[in-house]
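Dropping a structure here in structure tokens format, bear with me for questions.
The shown structure was predicted, so the numbers you read here are calculated from the model rather than taken from an experiment.
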Amino acid sequence: MTFRARLVIAFLVVVLVPLAGLALVVHRQMTDRLTAQYERRVDAMAGMIAGDLSEQRNSIAAALDQVRDAVSDDNRFRKAAVDEDTSERRYLLDYAGGAQRLTGLSMLQIQDASGRILSSGHFRNDYDRVDPELPRLLAAAPHRTALVRVRTAGAPMLVLASVDSVEIGRKRFTVVGGVDVEARFLRRLSGDDAMRVLLVTPDDSLGTPPTAVAARDGIVRELPVPYAEVANGTLGSAQFRIVHGLDELHAVRARIDRWFAGVLAATVLLAVLLSGWVASRVSRPIADLADRASRIDLDRLDVDFSTERRDEVGVLARGLGAMTSRLRESAARLREAERRAATGELARQVNHDIKNGLTPIRHVFRHLEGELDSRPSSLADVFRERRAALDSSISYLENLAANYARIARRGERQRVDLNDVVRRAADDRRAATNARITMDLSEAADVVGDPLSLRRIVENLLDNAIDSLDGREGEVTLATCAASGDDGTRVRLTVADTGPGMSQTQQARIFDDFYTTKAHGTGLGLSIVRRLVMDADGTVRVESEEGAGSRFIVEMPQAGPPAPGGEG
Amino acid sequence: MRPFRRFGALGVLIVFGIFGCGPRSAYRPAPGDAGCGLARAAEPADTVSVSVFDPIDPSHVPSATTDAERTVFGHLYETLVALDCDGAARPGLAASWRISDGGRRVELVLRKHAAFADGTPVGAGDVVASWRPAIARGAGVDSVNALDAHRVEAFLENPSLGVEPLASTALAVTKPLSGSAWSLGTGPYRIASADPECIVLAPRSAADGPVVRFLATPRAAARDRLDGSVDAMVVADPAVVDYARRRRFTVAPLDYDRCYVLISTRRVEALAAGDDPRTIPPSITESLARDAVRAADARGPVAPAWWNGAQGCGELAPLAPWQIAQPSAWRSSRGIRRVLYDAGDPTARDLADRVVALAAIDPAASPEADAVTAAVPGIAGPEGAAIAAGVSPAELESSLREGADVAYIVVLPSRPPDVCGAARALLRRAPWLTIRHVTLSDALVPLAETRSTVIVVTGRISMCTDGRGDVRVTSDESGKGRLP
């Protein structure tokens with residue numbers, strides 16, 4: 001996992017966890033408060049309905065009291081009801097209607113002892129119908145009051161009714177009166193969209209509007225009210241069901257959820273952006289340092305770690321720079337040591353090589369000396385016989401001297417056109433080899449160095465590439481181009497061959513002194529190349545793959561523009 | 001029909017007894033008498049005021065739809081033939097007539113110097129032009145032609161009924177008046193001014209009577225008007241009549257002229273299936289009328305009903321039997337069962353309420369309930385009893401035409417001058433009544449008859465009535481009214 005990813009996750013956790021916690025707390029608090037508020041409203045409504053019911057009950061009782069008193073004092077009523085005087089029959093039939101209007105009741109009927117309706121205010125022409133159940137059920141109800149559905153000429157009317165009785169002339173009459181529940185209660189309670197009041201009776205329901213509401217969809221309170229079921233002669237129970245819907249609560253919750261979601265999304269986005277920015281501000285310099293550090297090796301100690309930062313990264317960068325500087329010094333000392341070691345080794349090697357060259361010569365001279373002593377006449381024959389050995393040894397020593405001269409010499413540094421060096425080396429070698437030598441030279445390839453050293457570098461690399469072909473047909477490509485580096489523009493020389501290539505092990509040692517893969521090689525060619533390149537402040541490396549040839553890449557600082565009036 | 005007139009005449013005799021205007025016997029108008037006197041003015045006034053309780057729409061001329069229209073139209077328009085108190089034909093706009101062709105053709109001679117209210121003479125052409133719309137609607141006349149300027153010939157639909165059908169108000173002679181909503185008539189009065197609150201009629205001559213102001217009055221204000229400014233009114237409410245009697249107004253009951261009948265799709269269905277028709281005994285209809293009807297002076301219906309005589313009218317149904325659709329209430333035995341009535345008619349409401357109330361009573365426990373539920377089978381069903389529903393006249397007629405409800409309370413004239421025309425008019429309203437040869441006499445169940453009462457300020461105004469039951473202000477001291 002990258003540093004940036006860890007930083008993003010850390011930011012998110014630090015910000016989102018408290019925010020989520022806050023959302024949950026607010027959610028819970030709001031729900032609890034609103035629910036409590038709704039419950040209070042529902043309880044208040046229930047209380048109001050109970051109060052209204054009680055008030056109506058008292059009002060109906062008072063009205064029936066008035067009717068009872070009026071009936072007792074009314075002579076014409078007596079004549080009609082008690083004496084059954086037919087001349088007053090119409091007066092009797094109309095009586096309840098007038099009394100109902102005066103008392104403000106919605107329903108009034110006067111019945112005799114058998115339950116026969118003598119006069120009805122709400123259904124005038126319902127006279128003579130026998131209905132004993134209604135007064136009986138009402139008399140049995142608490143407070144002698146109950147809900148009842150009464151007949152009218154049209155649809156039945158649900159009333160809150162009470163019963164009273166009056167005795168006139170030893171005849172008992174019942175007076176049943178009531179108020180319309182729909183008009184007096186439910187219509188008045190229907191103004192609130194959030195809270196609904198239903199009246200649920202055993203046979204029907206009235207309400208605003210009569211929809212089925214489950215308890216989970218709202219806060220429900222029920223207020224039981226006695227209900228007289230006249231049809232089956234029983235006293236049951238109806239309920240005022242007060243339901244406060246939770247739509248508003250759900251809507252508020254949804255709004256808060258949306259708000260929190262928005263805030264969370266914005267916070268996540270901000271956290272991602274911020275953490276990305278912080279991560280980039282922190283990790284990029286580190287990554288840059290890591291990249292620069294990865295380029296450090298003994299051949300490449302010119303990596304620049306300079307910085308103006310004053311933070312930890314700056315400290316690290318300056319530390320790496322100091323380390324690189326020390327490495328450079330150490331590498332110089334190592335090279336010097338290597339040079340010295342190589343020189344000592346060289347001296348031993350020279351001693352060894354000279355001995356190797358002189359030993360055959362010594363043998364030949366000893367042979368000649370012996371022949372001179374024993375057979376002076378055959379001295380010429382023996383000399384001719386052994387001359388080849390002398391020539392070989394002398395050639396060997398001449399070759400050895402030439403190679404050692406190449407190591408020792410350190411020429412003068414000047415502006416040199418590397419392309420020119422490459423062309424002359426290629427022209428010299430082209431006639432002596434079967435390999436096809438091709439060139440791909442850039443326009444400008446001026447470097448600063450010793451011309452002879454540069455020629456040696458090119459010739460050694462070219463000879464090594466031609467040797468790798470081992471007399472077979474192949475191609476050697478010499479290319480120059482510009483390359484950018486931390487210290488400016490550099491000139492890159494690439495010598496590629498189509499030879500057998502090298503293994504990793506061979507690549508690791510190819511620049512070592514006296515390491516050779518050739519049967520008669522000295523092992524010094526590429527090591528000389530490495531030293532001469534380093535002397536020119538350059539780098540050399542090899543890229544090779546077994547069976548796919550090798551590429552030797554030399555990079556040296558490009559010479560700056562020439563000084564006015566002459567070359568530098 | 002004559003026996004019914006006797007009942008009306010009896011009421012008149014009571015009035016005459018107050019005024020000493022005639023012997024206490026059945027009234028026989030003397031030749032020239034057009035009506036029966038109701039009240040006599042001791043000191044005739046120049047202008048009198050009469051309360052009316054219904055809207056008056058001049059576009060209904062000449063066929064009145066309300067009692068107020070009947071009263072006002074009766075002063076303005078005349079028919080060729082009038083009816084006396086016995087219902088016998090008397091000269092009206094026509095001075096004389098001759099019946100021929102087995103009673104089918106009647107030749108009438110117009111009254112001399114007969115003129116419209118603007119003075120233009122009335123000619124035979126005016127009669128023909130005026131009758132044509134009525135004939136198209138079925139007014140008892142097949143056709144009418146002008147024989148010359150003063151003679152017309154009319155061919156009657158039912159020759160057996162005499163010329164009495166020509167007394168129908170639908171055949172009053174009128175002429176449109178340009179720029180006025182009111183048509184011109186030939187009656188003793190003309191329109192002097194008309195606005196929604198007051199219509200003033202002026203006599204065409206001083207001998208015809210005083211100026212009459214008809215004042216629009218809410219029904220609830222009837223007693224206030226009696227205590228106030230009016231001289232007369234025609235009311236149906238017994239409470240107002242009772243109040244007038246206590247205040248010593250002159251109270252003259254008119255004839256029972258409105259018959260409330262119960263029409264039931266269920267009854268017609270049962271009759272069409274072959275059931276015997278059950279009638280409601282007179283004792284029960286009498287108690288219905290007495291106890292259930294609060295808003296009018298009601299009595300049980302008097303048999304035989306006029307529609308029993310419609311058997312002799314020939315083809316009554318406006319549609320062929322195969323064109324008559326079954327009442328839609330037959331096709332649906334579910335849904336709310338309603339007894340429909342005109343919401344503006346309190347008597348119809350009272351009767352509908354009582355029918356519905358009786359439907360909920362065990363028939364075995366109440367003879368009244370038994371009689372009504374037997375007369376209207378199916379009024380109580382498994383879903384419960386029917387309900388009474390007051391609707392607008394338009395909705396009532398629409399449902400009646402379709403037969404969409406269980407039963408209807410409908411008002412019919414008690415004694416229409418044109419029986420066949422009245423029967424046809426009823427069948428246009430409810431064509432299913434005679435489906436599968438069910439007769440009107442079987443289909444209709446009469447419940448009650450009502451009448452109106454004339455209340456006048458004693459000695460201030462002379463008023464009379466006629467065989468149609470129309471009430472008019474007259475100038476005649478006898479109160480009998482004369483021919484112009």
Point to revise | Top of B:Leu351, B:Asp350, B:Asp362, B:Leu358 for chain A proximity - count of heavy-atom pairs under 4.5 angstrom | key: B:Asp350
**Study point:** B:Arg354 to A:Tyr127, cation-pi by 6.0 Å centre distance and 45° axis angle
**Key:**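 Yes, B:Arg354 and A:Tyr127 form such a contact.
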Check your understanding: Counting a contact as any heavy-atom pair under 4.5 Å apart, which residues of residues 340-349 of chain B contact chain A?
Key ->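 So far as heavy atoms go, nothing in residues 340-349 of chain B approaches chain A to under 4.5 Å.
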Point to revise | A:Arg90 versus chain B, the contacting section by heavy-atom distance below 4.5 Å | key: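 Side chain of A:Arg90 only, per the 4.5 Å heavy-atom cut-off to chain B.
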Review point. For A:Asp94, is it the side chain, the backbone, both or neither that has a heavy atom under 4.5 Å from a heavy atom of chain B?
Key: side chain
**Study point:** Any B:Val293 side-chain heavy atom under 4.5 Å of B:Tyr260 side chain
**Key:** no
Exercise for review: For A:Arg101, look at atom CZ and say whether over 12 heavy atoms of other residues, nucleotides or ligands are found less than 6.0 Å away.
Suggested key: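 Counting neighbours around CZ of A:Arg101, 12 or fewer heavy atoms of other residues, nucleotides or ligands fall under 6.0 Å, so no.
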Point to revise | Option from B:Asp224, B:Asp54, B:Asp67 for which salt bridge (Lys or Arg N to Asp or Glu O under 4.0 Å) with B:Arg219 holds | key: B:Asp54
Review point. What distance separates A:Phe123 CZ from A:Arg129 CZ, expressed to the nearest 0.5 Å?
Key: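 CZ of A:Arg129 is found 8.0 Å from CZ of A:Phe123.
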**Study point:** Taking every non-hydrogen atom, the tightest pair across B:Ser414 and B:Arg258
**Key:** OG-N, 3.1 Å
Review point. So, A:Ser59 side chain and A:Glu55 main chain: donor-acceptor pair closer than 3.5 Å or not?
Key: no
Check your understanding: By a 4.5 Å heavy-atom criterion (distance strictly below it), what part of B:Ala292 contacts chain A: side chain, backbone, both, or neither?
Key -> both
Check your understanding: Parallel, tilted or perpendicular: which fits the ring planes of A:Phe173 and A:Phe77, with parallel below 30° and perpendicular above 60°?
Key -> perpendicular
Practice item. Let me know if B:Ala365 has heavy atoms under 4.5 Å from chain A in its side chain, its backbone, both or neither. Key: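 When you check distances to chain A, no heavy atom of B:Ala365 falls under 4.5 Å.
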